[in-house]
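Below is one structure, written out as structure tokens; the observations come after it.
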Amino acid sequence: QVQLVESGGGLVQPGGSLRLSCAISGSIFSIYTMAWFRQAPGKQREMVAGITNIGITNYLDSVKGRFTISRDNAKNTLYLQMNSLNPEDTAVYYCYVRETYGSTYWGEGTQVTVSS
């Protein structure tokens with residue numbers, strides 16, 4: 001059974017930073033893509049940042065220059081460094097993994113709240 005567990009969310013003031021982590025456990029044959037999605041109340045889920053198996057990254061336009069996605073293969077962990085946070089970043093953030101044969105997995109999500 002594959003399990004994705006997010007951590008690192010919380011309450012932060014505007015302009016602050018948070019680092020999200022996603023610990024991946026279980027048997028995965030081969031990872032094709034890892035990504036972070038987010039969903040705010042009343043809005044659709046959107047991809048924030050993604051990284052492919054060969055290290056190619058892509059970002060939502062509104063977070064470019066502020067967020068950085070990375071992975072630690074030794075620890076089997078995905079990260080999202082979020083800097084210069086603003087209230088528009090408030091959402092539940094989800095870890096996502098897609099295997100090469102097509103199976104996908106989601107974490108339960110971690111709340112990020114940016115407020116004074």
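Quick note: numbers below take in every heavy atom, side chains included, and nothing from hydrogens, waters or symmetry partners. The first residue of the sequence shown is numbered 1, and numbering continues consecutively from there.
With no hydrogens or angles considered, a side-chain donor-acceptor pair links Tyr93 and Arg38 at under 3.5 Å. Using modelled atom types and a 3.5 Å distance limit, the side chains of Asn83 and Ser17 yield a donor-acceptor pair.
The distance from atom OG of Ser116 to atom CG of Leu11, rounded to the nearest 0.5 Å, is 9.5 Å. Atom OG of Ser25 sits about 8.0 Å away from atom CG of Asn76, to the nearest 0.5 Å. Taking CZ of Phe67 as the start and OG1 of Thr57 as the end, the distance is 14.5 Å to the nearest 0.5 Å.
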Next item on the list: List the steps, then state whether side chain to side chain contact (heavy atoms under 4.5 Å, CB included) holds for Val112 with Thr90.
Entry: CA-CA 5 Å; Val112 172; Thr90 296; 5.9 Å; no
Next item on the list: Check the pair Tyr59 / Thr68 against side chain to side chain contact (heavy atoms under 4.5 Å, CB included), numbers first and verdict last.
Entry: CA-CA 8 Å; Tyr59 296 91; Thr68 303; 3.9 Å; yes
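Take Val92 and apply the side chain to side chain contact (heavy atoms under 4.5 Å, CB included) test, not counting sequence neighbours, and it matches Tyr94, Gln111.
Ser84 approaches Arg66 most closely through the heavy-atom pair O-NH1, 3.0 Å. When every heavy atom of Ala49 is checked against every heavy atom of Leu80, the shortest pair comes out as CB-CD1, 4.1 Å.
Thr100 has its side chain out of reach of Ile31: every pair of non-hydrogen atoms, C-beta onward, lies at least 4.5 Å apart. Between Gln81 and Ile69 there is no side-chain heavy-atom pair separated by less than 4.5 Å. Between Leu60 and Glu46 there is a side-chain heavy-atom pair separated by less than 4.5 Å.
Although no hydrogens or angles enter the test, the distance criterion places a donor-acceptor pair under 3.5 Å between the side chain of Asp89 and the main chain of Asn86. Looking at Glu6, its side chain does come within 3.5 Å of a backbone N or O of Cys95 through a donor-acceptor pair. A donor-acceptor pair under 3.5 Å is formed between the side chain of Thr77 and the backbone N or O of Lys75. Side chain of Trp36 to backbone of Tyr79: a donor-acceptor contact under 3.5 angstrom is found. Between the side chain of Arg71 and the backbone N or O of Asn53 there is at least one donor-acceptor pair closer than 3.5 Å. In this structure a side-chain-to-backbone donor-acceptor pair under 3.5 Å is missing from Thr104 to Arg98.
When hydrophobic clusters are built by joining Ile, Leu, Val, Met, Phe, Trp and Tyr residues whose side-chain heavy atoms come closer than 4.5 Å, directly or via intermediates, Leu78 is not grouped with Ile56. In this structure, Met47 is not a member of the same hydrophobic cluster as Val63, with clusters built from ILVMFWY side-chain heavy atoms closer than 4.5 Å. Connection of Tyr32 to Ile24 is not established within any shared hydrophobic cluster, with ILVMFWY side chains joined at heavy-atom distances below 4.5 Å, either directly or through further cluster members. Note on Val2 and Ile51: same hydrophobic cluster, where clusters join Ile, Leu, Val, Met, Phe, Trp and Tyr whose side-chain heavy atoms are under 4.5 Å apart, directly or indirectly. Tyr96 and Met82 are not part of a single hydrophobic cluster, where members link through side-chain heavy atoms under 4.5 Å apart.
Gln39 CD: more than 12 foreign heavy atoms inside a 6.0 Å radius.
Between Trp106 and Phe37, the gap from one ring centroid to the other is short of 6.0 Å.
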